[in-house]
Amino acid sequence: GQQAQPTGPDQSTPTQSTPSESTQPKKNEGKLVVGFAQIGQESGWRDAETWSILNAAEEMGVDLKFSDGQQKQENQIKAIRTFIQQGVDVIGVAPVVETGWETVFKEAKEAGIPIVLVDRRAAVSEDLYATFIGSDFILEGQNACKEMARLLNGKGNIVELQGTVGASAATDRMKGFAEELKNYPDMKIIASQSGDFTRAKGKEVMEAFLKAYPGEIHGVYAHNDDMALGAIEAIKDAGLKPGVDIKIVSIDGVKAIFEAMVAGEANVTVECNPLLGPQFFQVCKDLKEGKEVPKWVKSEEGIYRQETAAEDIKNRKY
Amino acid sequence: MKKGILSKNFQLFVTIVLFLVLFLAGSLRYRGFFSAQVFLNLFIDNAYLIIIAVGLTFVLISGGIDISVASVVAFVGMLSAYLLQNGWNPYVVMLLMLLIGSTGGFLMGYIIHYFKIQPFIATLAGQFLYRGACFIISTTSIIIDNPVYTTIANYQIKLAPKAYISISVVIALLVVIAGTIMARFSKFGRAVYAVGGNEQSANLMGLPVGRIKVLVYVLSGFCAALGGIVFSFYTLSGYGLQNIGLEMDAIASSVIGGTLLTGGVGSVVGSMFGVLIQGIIQTIIIFQGNLSSWWTKVAVASLLCLFIVLQRIISANRDKFKRKMLNNA
Amino acid sequence: MKKLTRNQIFWPLVALIVLLIYNAFFAKNFFKISVVDGHLYGNLIDILKNFAPLALLSIGMTLVIATGGVDISVGSVVAISGAIACSIIDGRLGIFNHSLVSALVSALLSGLACGLWNGFLVAKVKIQPMVATLILLTAGRGIAQLITKGKIVTINSAPMMKEYYFIGAGYLLGLPFALYIVIAFLFLVLLLVKRTAFGLFLQSLGINSKSSMLSGINVDRIKLVVYTISGFLASIAGILISSNIKGADCNNAGLFIELDAILSVAIGGNSLNGGKFMVQASIVGALFVQCLTTTVYALGVPPEAISLLKAIVIIVLCLFQSDSFRQRVFKGFKRSVKGADAA
Amino acid sequence: MENKEILLTMRKISKTFPGVKALNNVDFTLRKGEIHALLGENGAGKSTLIKVLTGVESMDGGQVTLEGKPIHVKSSQHAQTLGISTVYQEINLCGNLSVAENIFIGREPMAYGMIDWKMINKRAKELLNNLNVDIDVTKTLDSYPVAIQQMVAIARALDISAKVLILDEPTSSLDAAECKELFTVMRKLCNEGMGIIFVTHFLDQVYEVSDRITVLRNGELVGEYEAKSLPKVELIGKMIGKDYEQLQQIESAKKAHMENKESYLTCKNLTTEGNLKNLDLEVNKGEVLGLAGLLGSGRTETVRALFGADKILGGELSVKNTRIRNNKPITAIRKGMGYCSEDRKSEGIVGELTIRENIILALQAKKGMFRFIGKKEQTKISQQYIKLLDIKTPGCEQQIKNLSGGNQQKVLLARWLATNPELLMLDEPTRGIDVGTKAEIQKIVLELAEKGMSIIFISSEMDEMLRCCERMVVLNDKKKLGELSGNEKNEQVIMEMIAGGKSV
Ligand SMILES: Nc1ncnc2c1ncn2[C@@H]1O[C@H](COP(=O)(O)OP(=O)(O)OP(=O)(O)O)[C@@H](O)[C@H]1O
Ligand SMILES: Nc1ncnc2c1ncn2[C@@H]1O[C@H](COP(=O)(O)OP(=O)(O)OP(=O)(O)O)[C@@H](O)[C@H]1O
Ligand SMILES: [Mg+2]
Ligand SMILES: [Mg+2]
């Protein structure tokens, strides 16, 4: 019900307001101009995504305007505004947070530029964005829980290493896991603490857990691989065998966790595919050519286990 | 007389000139940069920061520091989103936010002055407190769909067919004007300068130092809350992780605008230009359009460094510079 | 007694002891120490190991703050030094591949260079310290990412991994090796401060730099030295942090650690406006900060409440350190006791 | 005079600082329309009495009444509202504000709810003109030297319409002409019924303006006297508690040497950052050279340039026939120079450091960082100077900011004496120092010269200059007017020289 905005009546003006900029790219019909507002560079996973997008842009001959938001929504909004000024064909965003995009997306819409959400959703009405490409954090949490149950035979004490408090990945991965956990009455989370998605904190928190619950921990669920890697070190320092004495399940699927799995120190990683570049630009092309695109383009994901890690690692690109 | 104005506001003058140079450089280098809307976007995108920087400037001039402002913004966004969701009247919410900001500022100012707690530490505690309070409300972000908020957020004031500003910009400019008047023409403002120049002397001259120091933090808290409200217009949501590190942007803006962190010197208009300069650096980087995360950081820092060093060198050689001006004239 | 309470280190120590006593009652197994793999093992040992980087930073920060400045770039220097060391150990930098010595030397040199740069901006170009170091705070992480090409470097399988891991997480005579590094540097800095005139000059210029200059103190050079020391110590902290996690995480290594360092200095009872300082007290401050973190984990405080708890602890602690607060409260207390007696 | 109405009384005032009994049952009475001099040695408790009265320090015991009503002053702000206006000993103004603003801050005239800057600047200009100071009042205060700052502080206090005006050593860095202006204004205010408390170490001024005298010694009241009925010698006796003869000794000590004229320092055509123009100067070994001139004549700038505190833009400077380039304080100190600045608060003391540390600071800098003077040695050195200069303190571990003004000045002197310099430049070294010690210092200066130390001596007191200096260089408007030595130098000649120089 947000159609009746004050900007509604003169919707046409802003579109006209950038005629020189927005018509110019359209003159050289061939070249696709895309603006991409990336969140930042906070993890290995994100790095892989960035790499994939830059790479795909080059391969597909797209004129990419790339902006790194340094983890700040303000910066991403500024970037989108600037893209509008520059008159790009499509704007891609990996929103750092779900909310708060209404205004700027509207501006893009008025300028006739479609928005593509990448890997995270935004809480705006459906008409404000063209499509969403990416996965589902809740699903990842559920999968992780299923894997944990498989490893522990549905019975045991788990400690959870959460991501940064308030980050949507952390909240949803926690939610997904907790939901699924209801199906396994003999498994329970005995301690849960934030490790800020980092190895150092993951290790520090795990150290404290090991002392507070000596011999009681059977599994570690980490919201990302990095914290799991930190926890593995803490477990080793405690004289235990990670992956054997204490099972490790984490999310993301970065290369280092595969190495750990090969070494037998980690058990499962639930992948969340960052290599969205080709898919993203395909969607952009379609949008420019006026083709229909689905509202949700799902990315391909997988679950990788210790048993097959030695094989899988050969295909890992990041 | 004109010479007097120039020499007294020399640093501000240098800052403005360098700002224009940056804008010009951007315009020459990037297509589409030289447009009214790009310029106005600097205000639209940084309105909240301008407001916060104005409040902070008073604290810095008084010789203190307030690193809680970023968390105040996050907290205000969070709490107003929460309250609006629960059907509170938007105007009541806004008033309440301003009240909370001011009260928080008052408490920090009170313990800073009366219990001699170092400002950095007291406001660091404030920072943790506000941030923590955000997560008590909710760990996820909350959307604001109150019609009043969305109307204000989306309203565009047309200046020309191709140029508009938002209501937030108007608020920010009003704050700058009010701040300038307060700093230059009110007893309170002048007393702030005196306290920052020499607290002991100010006390011996009979100024109510305690009250002024507390008020300065109240003002900063108020501005931070107002900045928070404007920021919630900007994003129409509340989110606990919002604006981490914003206090450094505000402090840096103020310093770029000529404020001395040791107190006693600074101007509100200067701080506004400080914000605009950081904004334009950001814009240049986005226009560049091919910087990776790390090059973005390096580029921001280099531009900032270049700017500050230039400003320092010109100001340090101000006498030589002035002599030249005189000779030319 | 009065003399004791006047000593700067008294209140931080009291705070630390109170926290430990609290833990003795409320945190399970907090004081349990056992022997695992031939070294001591327990929460207290973890605290001593994990506080090492912060302790080093707070030593440097104390000196910088004594001159009336501040160095907020230490976190970024931590990232740079870790990135360099790990890149070399991992062999991805292309030079000095896999050499432990050159990894350490290059990392330390990078710290020196960063410190010198800060010192140059502050002392020579005369930029205000917080903004001067803000430049490196911003750029530093970028530079670190540049070195690692934005990747998190993992040295799990590098040839010198074990040796490198020893620095930050190994044990010597049952105690964390990192602790010895802290003690060594504390000793060195105390030597510099107490056995040379450096400490005197530092305080003097922190209190009144004009007078100090006219008394013949080379103010600029001392500032330069102090920032360089801070940078150097930050690079060691960077080595410790990266070694402890067997990798360099440019985005997160030492993120916001400058706040903790400043907090440690303040908890140690040092004035943030410069002048008189006590390095040992800052170390106690750092120990307190780390102890608090570990306590939070051990007690199982929900993560979303940590900030809140920290804020409250800081406020309470600082209030009790403040003379005027104690005076007011105790006066009120005495009065109320008297009133009660009268009634 | 007796039947003048009593304005203010202080009864049985006591104040103890840790280790010091600063005031012990002191009584003080001020009448309407009188100028009441409060006298005593350094550290006698004068400033403390004033601070207690104005609420800066709390008192341990005693009563204060103003116009018959008992008052409890809580803060200096409170004092102001009660009608007590004060100029404290250390200049307490804000250097970052303009001169005009320093005079009016807290009581700015308003127009339309905003500060009326035009009015402020106009009135500030007028006020200062009344004191015969003509400066740009819109410039910041710290662009002016101490003397001007002192005048500004006075102007501020005078403009506050008050019943009681307190002036704690207002004349310590003023010269004769300015003092005269000040006294005229003071008398005028008295006639309007104000009571003025006046602290000074210049006894001539006491007799010039004051009606009554209260003398303190060691924090205790010695007595209250009519100025007319107390001869100077007796007054001095009351202040220092013994008879006073040192002045004579100085005259005799001075005659001794004159002959050997080996040059120590020369400068030619010196032009400096501080606007000094083409100065030629020669300082011989073992002589006391005086720099004479009016306020702003460039005396301070001369010594600052020699010491490397100001940049030299042109000309050359050589010490012992070797040219010095790129002069910095530390170079100068290593070459054997010492400079005791006139601005003791901002360029002298390091407030939170102890007396010991303040004394050895320059010596340590001279020796270098690594040749550390052990604490025992430090204590020994400082004890020695505390004794030599009669510094009043419970011990050398006291923070210097807790000392009385005069005693701080002595510590600074000790700092430079401790470096055992070959050329000692003293810019107003006796500022705020009591008569007894002043004579003592003059004696020390002459003794040092005897031993071969060169000394450049600057003082606003012509008397003192004439007594100590063999040779005098007269400056005006940042230029050298000429030199005087031997019998040709007397006050008359110097004043004429300056007057003549001005007209040229
Ligand atoms: N804050 C303080 N702490 C400790 N002692 C103090 C403090 N203030 C003053 N004193 C001591 O009190 C005594 C009286 O000092 P006061 O400043 O009143 O002397 P004074 O008569 O004004 O001397 P002068 O002529 O040198 O200004 C001195 O011995 C001084 O050391
Ligand atoms: N009466 C005055 N009017 C205007 N400016 C003055 C006056 N007196 C001093 N100044 C300013 O103060 C600056 C410093 O003067 P300086 O300290 O060298 O004088 P001085 O000879 O040492 O006199 P004194 O030490 O008695 O003040 C000069 O540059 C001058 O501009
Ligand atoms: Mg005194
Ligand atoms: Mg002078």
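Proteins come first, then strands; the chains are lettered A, B, ... in the order of their sequence lines, and each starts at number 1.
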By a 4.5 Å heavy-atom criterion (distance strictly below it), what part of B:Gln288 contacts chain A: side chain, backbone, both, or neither?
neither

Heavy-atom cut-off 4.5 Å, strictly under: side chain, backbone, both or neither for A:Gln70 against chain B?
side chain

Taking A:Asn75, A:Thr164, A:Asp172, A:Thr171 one by one, which has the highest count of heavy-atom pairs under 4.5 Å against chain B?
A:Asn75

Quick one: CD1 on A:Ile77 to OG1 on B:Thr235, what's the gap to the nearest 0.5 Å?
6.0 Å

Comparing A:Lys78, A:Arg46, A:Lys65 against chain B, the one with the most heavy-atom pairs below 4.5 Å turns out to be A:Lys78

Counting only non-hydrogen atoms closer than 4.5 Å, does A:Ala37 touch chain B with its backbone (N, CA, C, O), its side chain (CB onward), both, or neither?
neither

Measuring heavy-atom distances to chain A, does B:Asn46 have an atom under 4.5 Å in its side chain, in its backbone, in both, or in neither?
side chain

Quick check for you: among B:Leu241, B:Leu246, B:Val38, which has the greatest number of heavy-atom pairs under 4.5 Å with chain A?
B:Leu241

Heavy-atom proximity to chain B below 4.5 Å, by part of A:Leu64
backbone

Bottom line for A:Phe36: the part with an atom under 4.5 Å from chain B's heavy atoms is neither

Is it true that, when you exclude A:Glu179 itself, more than 12 heavy atoms of the residues, nucleotides or ligands shown sit nearer than 6.0 Å to its CD?
yes

Nearest 0.5 Å please: distance from the CG atom of B:Asn154 over to the CD atom of A:Glu110.
8.0 Å

Greatest number of non-hydrogen atom pairs under 4.5 angstrom with chain B, of A:Ala170, A:Ala79, A:Ser67, falls to A:Ala79

Top residue by heavy-atom pair count (under 4.5 Å) with chain B, among A:Gln73, A:Glu98, A:Arg81?
A:Arg81

Considering only heavy atoms, which portion of B:Ile244 lies under 4.5 Å from any heavy atom of chain A: side chain, backbone, both, or neither?
backbone

Proximity breakdown for A:Lys72 and chain B, heavy-atom pairs closer than 4.5 Å:
side chain

Report the C-alpha distance between A:Phe83 and B:Ile286 in whole Å, list the side-chain angles of each, state the deciding distance to 0.1 Å, and finish with yes or no for side-chain contact (heavy atoms from CB on, under 4.5 Å).
CA-CA 8 Å; A:Phe83 293 149; B:Ile286 298 171; 4.2 Å; yes

In terms of heavy-atom proximity below 4.5 Å to chain A, should B:Asn290 be classed as side chain, backbone, both, or neither?
backbone

How long is the gap from OG1 on B:Thr139 to CD on A:Gln162, to the nearest 0.5 Å?
8.5 Å

Checking B:Ile285 against chain A: side chain, backbone, both or neither under 4.5 Å from a heavy atom?
neither

What part of A:Thr50 gets within 4.5 angstrom of chain B, counting heavy atoms only: side chain, backbone, both, or neither?
neither

How would you list, by chain and number, every residue that makes a side-chain hydrogen bond (donor to acceptor under 3.5 Å, both in side chains) with B:Ser141, sequence neighbours excluded?
A:Thr99

Name the region of B:Leu291, side chain, backbone, both or neither, that has any atom closer than 4.5 Å to a heavy atom of chain A.
backbone

Given that the side chain runs from C-beta out, which part of B:Trp295 has a heavy atom under 4.5 Å from chain A: side chain, backbone, both or neither?
neither

If you count heavy-atom pairs under 4.5 Å with chain A, which of B:Ser293, B:Ser237, B:Cys134, B:Ser292 comes out on top?
B:Ser293

Would you call B:Asn243 and A:Glu74 a side-chain contact if the rule is heavy atoms closer than 4.5 Å?
yes

Ring pair (Phe, Tyr, Trp, His ring centres under 6.0 Å) partners for B:Tyr48, two or more places apart
B:Phe231, B:Tyr234

Donor-acceptor side-chain pairing of B:Gln37 and A:Gln85 below 3.5 angstrom
no

Is any side-chain heavy atom of B:Asn41 less than 4.5 Å from a side-chain heavy atom of A:Thr82?
no

